[in-house]
Enquirer: 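Can you keep this structure in mind? I'll have questions shortly.
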Amino acid sequence: LGNQQLYPELAAAHFSAATKEQASLIISMLQSPTGMTVETVKPLIDSADAEVRATAVPALGAMADHLADEDPTQAQQLT
């Protein structure tokens, strides 16, 4: 969890699976997610942890729904 390009030292930090799940849930509630937010959650869908994946996938779906009006292209890329 963490954007490697912007915060390389944070990206190297270890976050527990529970922390990643909670972050995904909280992020999914944002009404106007940013590109950085999306890029932070996207790698979690490839997580080795099934619970993290199971949280990240619907979180990205919720972000796509929230982006549908303001950025339909990005929203479509998430579905």
Side-chain angles (χ1 to χ4, degrees):
L1 191 63
N3 188 311
Q4 278 188 317
Q5 294 172 344
L6 198 57
Y7 303 107
E9 67 283 350
L10 182 59
H14 175 74
F15 292 96
S16 71
T19 299
K20 291 176 183 179
E21 290 174 57
Q22 290 171 352
S24 294
L25 289 171
I26 292 166
I27 289 170
S28 73
M29 292 185 250
L30 296 172
Q31 291 303 308
S32 295
T34 65
M36 186 188 315
T37 304
V38 171
E39 292 305 316
T40 298
V41 176
K42 269 185 175 179
L44 298 179
I45 64 172
D46 295 324
S47 173
D49 188 297
E51 291 181 18
V52 171
R53 278 193 319 273
T55 305
V57 170
L60 283 173
M63 284 189 262
D65 184 53
H66 295 178
L67 285 168
D69 291 333
E70 63 187 70
D71 192 343
T73 302
Q74 187 176 19
Q76 185 63 36
Q77 292 172 352
L78 294 177
T79 58

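All residue numbers refer to positions in the sequence shown, counting from 1. Note that these values count all heavy atoms, side chains included, but never hydrogens, waters or copies made by symmetry. Note that the structure is predicted; figures quoted are calculated from it, not measured.
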Enquirer: T40 side chain to M36 main-chain N or O, any donor-acceptor pair under 3.5 Å?
Expert: yes
Enquirer: Would the number of heavy atoms belonging to other residues, nucleotides or ligands and lying under 6.0 Å from CD of E70 be above 12?
Expert: yes
Enquirer: Might you point out which heavy atoms bring D49 and E51 nearest each other, and give the distance in Å?
Expert: OD1-N, 2.8 Å
Enquirer: Are the side chains of K42 and L78 in contact, using a 4.5 Å heavy-atom criterion?
Expert: yes
Enquirer: Run the side-chain hydrogen bond (donor to acceptor under 3.5 Å, both in side chains) test against S47 and tell me which residues pass, sequence neighbours left out.
Expert: none
Enquirer: Report the distance from atom CD of Q31 to atom CG of L67, rounding to the nearest 0.5 Å.
Expert: 10.0 Å
Enquirer: For T37 and T34, test the side chains for any donor-to-acceptor distance below 3.5 angstrom and give the result as yes or no.
Expert: yes
Enquirer: Could you pull out the closest heavy-atom pair between A75 and A64, with the gap in Å?
Expert: CB-O, 3.3 Å
Enquirer: What distance separates Q22 CD from T19 OG1, expressed to the nearest 0.5 Å?
Expert: 6.0 Å
Enquirer: Hey, is the main chain of L30 close enough, under 3.5 Å, to the side chain of H66 for a donor-acceptor pair?
Expert: yes
Enquirer: State, to 0.1 Å, how close S28 and A62 come at their nearest heavy-atom pair, and which atoms those are.
Expert: O-CB, 3.7 Å
Enquirer: Show the nearest heavy-atom pair for residues A56 and L44, with the distance to one decimal.
Expert: CB-CB, 3.6 Å
Enquirer: Report whether L60 and V57 are members of the same hydrophobic cluster (ILVMFWY, side-chain heavy atoms less than 4.5 Å apart, transitive linking).
Expert: yes
Enquirer: Can you tell me how far apart CE (M29) and OG (S24) are? Round to the nearest 0.5 Å.
Expert: 10.5 Å
